[in-house]
2 protein chains.
Amino acid sequence: MARRTKARAGAAAGAGAGARAGATPERIVGAAVRLFAAKGFDATTVQEVVDAASVTKGALYHYFGSKDDLLFEIYRSLIGRQMADLDRIVAARLDAATTVRRILVSLVETTAESVDETAVFVREMHRLNADRMTSFRAERRRYHETFRSVVEQAQEAGEFSSAVPADTAVLIALGVVNQLPTWYRPDGPKSPTQLGAEIADFILAGLRP
Amino acid sequence: MARRTKARAGAAAGAGAGARAGATPERIVGAAVRLFAAKGFDATTVQEVVDAASVTKGALYHYFGSKDDLLFEIYRSLIGRQMADLDRIVAARLDAATTVRRILVSLVETTAESVDETAVFVREMHRLNADRMTSFRAERRRYHETFRSVVEQAQEAGEFSSAVPADTAVLIALGVVNQLPTWYRPDGPKSPTQLGAEIADFILAGLRP
DNA sequence: AGGGGCATACCGACTGGTCGGTACCTGGGG
DNA sequence: CCCCAGGTACCGACCAGTCGGTATGCCCCT
């Protein structure tokens with residue numbers, strides 16, 4: 001395993017003059033996400049990715065060191081967005097109920113608009129190599145801990161019931177969201193915001209003292 | 001794609017006289033589950049499966065028509081067990097709260113003792129071919145509907161709050177369980193029964209009128 | 001102003017290795 | 001003696017990644 005990983009690439013955008021409509025690296029990642037979500041990482045060939053992105057293998061390997069790098073790029077951008085949202089919400093220092101509600105609504109919204117990314121993520125994260133797996137776990141742990149401490153502090157302050165461990169509540173909340181790609185349909189009757197609100201209602205009802 | 005699929009095999013068990021300690025087909029499926037859970041379906045070679053099961057390719061293809069059949073066998077037995085549990089619990093016709101509690105505890109217990117199967121299932125179900133996907137969806141739908149109608153009837157009877165749609169409550173409950181393989185560790189501090197109880201408490205708290 | 005030197009972006013035929021599946025063989029119990 | 005669980009050698013397809021090459025700027029020196 002452990003290939004060389006050119007390490008350059010990433011989102012080296014168009015640079016030059018007027019960034020063209022579809023910058024090549026972004027087109028490649030976009031096609032990859034769609035295909036990986038539809039058929040799985042291993043079942044998708046590099047050739048299919050480049051065909052879907054209307055580029056050639058040369059272009060792909062010019063920007064990405066390996067097929068795995070493509071996968072990692074998908075994770076990085078998704079986790080980045082989610083962590084940023086979480087930090088922003090927690091930093092606002094609102095009351096616990098509002099904070100929990102905002103976290104869940106925002107999470108459901110992001111997940112809904114990135115169903116493919118999330119589906120790939122949930123299904124294929126175990127393919128990360130040791131290094132990346134470690135850094136990924138650290139991020140996820142941070143997300144989990146941040147969320148948990150919001151719940152825990154509210155429990156200590158008596159704002160939330162302590163009947164159920166904060167851990168369990170967080171696990172339940174994040175569980176739904178990660179499963180969302182299996183049942184969510186963009187053309188379904190409920191908007192992501194509505195869904196997020198319903199989920200938040202339920203979780204908050206479970207935490208009511 | 002679409003290979004021929006011999007269609008024989010399945011769980012042709014030991015049949016004959018005294019089922020030996022490790023009947024060959026069971027050993028093969030057991031090894032496959034472990035490997036698929038650890039490395040993913042595509043990343044696991046048939047050779048690895050037969051080595052782990054201490055048999056040869058000839059034996060594997062004697063009992064199973066293809067690598068995909070192996071995967072399907074795993075799904076079938078897991079879904080079978082879960083549906084049987086659900087039917088048994090609902091047939092007892094206890095009050096809604098007890099029924100929901102029993103469903104969740106039993107589901108968490110089964111899932112915990114079949115973490116590998118569940119992990120494979122969640123990650124690889126999209127590889128099912130059209131026919132099998134259809135029959136699988138039908139089963140899942142039946143599970144979902146049965147569970148939902150328990151909640152819905154209790155809501156109509158005023159036993160449960162109607163603040164949140166029954167659908168959403170069920171989705172949340174099943175969401176945690178499917179995510180369980182990502183965080184559950186058999187040697188962790190909480191027993192499956194305890195975990196199931198905590199999850200049930202939380203869900204029931206959310207449904208309290 | 002112009003041109004040489006160099007970097008970036010991309011092309012696509014090719015390869016070395018791997019893997020699912022098959023054809024054929026064998027030994028022992030009924 | 002025959003049948004079937006199980007063994008073994010092999011095949012054909014496929015695929016990630018490579019590599020030599022081209023085209024198109026951009027910058028600096030004169």
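Basis for what follows: all heavy atoms, side chains included, without hydrogens, waters or symmetry-related copies. Per chain, numbering begins at 1; letters A, B, ... match sequence-line order.
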Quick one: which protein N/O atoms are closer than 3.5 Å to N/O atoms of nucleotides 11-17 of chain C? Pair and distance per line, please.
from	atom 1	to	atom 2	distance (Å)
C/dC11	OP2	A/Thr56	N	3.3
C/dC11	OP2	A/Thr56	OG1	2.6
C/dC11	O5'	A/Thr56	OG1	3.3

Report task. Could you please name the option among C/dG20, C/dC10, D/dA16 that lies closest to any side-chain atom of A/Tyr61? Result ->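 Among the listed nucleotides, the one closest to the side chain of A/Tyr61 is D/dA16.
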
Query raised in the report: Taking the side chain of B/His62 as its heavy atoms from C-beta onward, which of D/dA5, C/dT8, D/dG17 lies nearest to it?
Result: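 Side chain of B/His62 sits closest to D/dA5.
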
Query - Within residues 70-90 of chain A or reaching into it, pairs that qualify as ring pair (Phe, Tyr, Trp, His ring centres under 6.0 Å) - sequence neighbours excluded - result: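 Passing the test, one end in residues 70-90 of chain A: A/Tyr75-A/Phe121.
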
In whole Å, I'd like the distance from the [atom1] atom of [X] to the [atom2] atom of [N].
X	N	atom1	atom2	result
B/Gln47	C/dG20	CD	C1'	11 Å
A/Asp69	D/dA16	CG	C1'	13 Å
B/Asp68	C/dC19	CG	P	16 Å
A/Ile28	C/dC10	CD1	C1'	10 Å
A/Leu60	D/dC19	CG	P	17 Å
A/Glu48	D/dC14	CD	P	12 Å
B/Lys67	D/dA13	NZ	P	20 Å
B/Phe64	D/dG6	CZ	C1'	14 Å

Query raised in the report: What do you reckon, is CZ of A/Arg123 surrounded by more than 12 foreign heavy atoms closer than 6.0 Å?
Result: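 Counting neighbours around CZ of A/Arg123, more than 12 heavy atoms of other residues, nucleotides or ligands fall under 6.0 Å, so yes.
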
Report task. Write out all pairs satisfying salt bridge (Lys or Arg N to Asp or Glu O under 4.0 Å) with one or both partners inside residues 174-200 of chain B, taking only residues at least two apart or from two chains. Result ->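 For residues 174-200 of chain B: B/Lys190-B/Glu198.
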
Requested in this report: Please determine if a side-chain N or O atom of A/Thr24 lies less than 4.0 Å away from the OP1 or OP2 oxygen of C/dC10.
Outcome: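 A/Thr24 to C/dC10 OP1/OP2: side-chain N or O found under 4.0 Å.
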
Query - Option from A/Ile103, A/Leu104, A/Val105, A/Leu94 for which side chain to side chain contact (heavy atoms under 4.5 Å, CB included) with A/Ile89 holds - result: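 It is A/Ile103; the other options fail the test.
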
Requested in this report: Under the side chain to side chain contact (heavy atoms under 4.5 Å, CB included) rule, collect the residues that match up with B/Ala163, sequence neighbours excluded.
Outcome: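 Checked B/Ala163 against side chain to side chain contact (heavy atoms under 4.5 Å, CB included); matches are B/Ser161.
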
Query raised in the report: By side chain to side chain contact (heavy atoms under 4.5 Å, CB included), which residues pair with B/Asp42, not counting sequence neighbours?
Result: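 Partners of B/Asp42 by the side chain to side chain contact (heavy atoms under 4.5 Å, CB included) criterion, ordered by chain and then number, come out as A/Asp42, B/Arg127.
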
Query raised in the report: With sequence neighbours excluded, what pairs up with B/Thr193 under the side-chain hydrogen bond (donor to acceptor under 3.5 Å, both in side chains) test?
Result: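 Listed in chain order: B/Glu109.
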
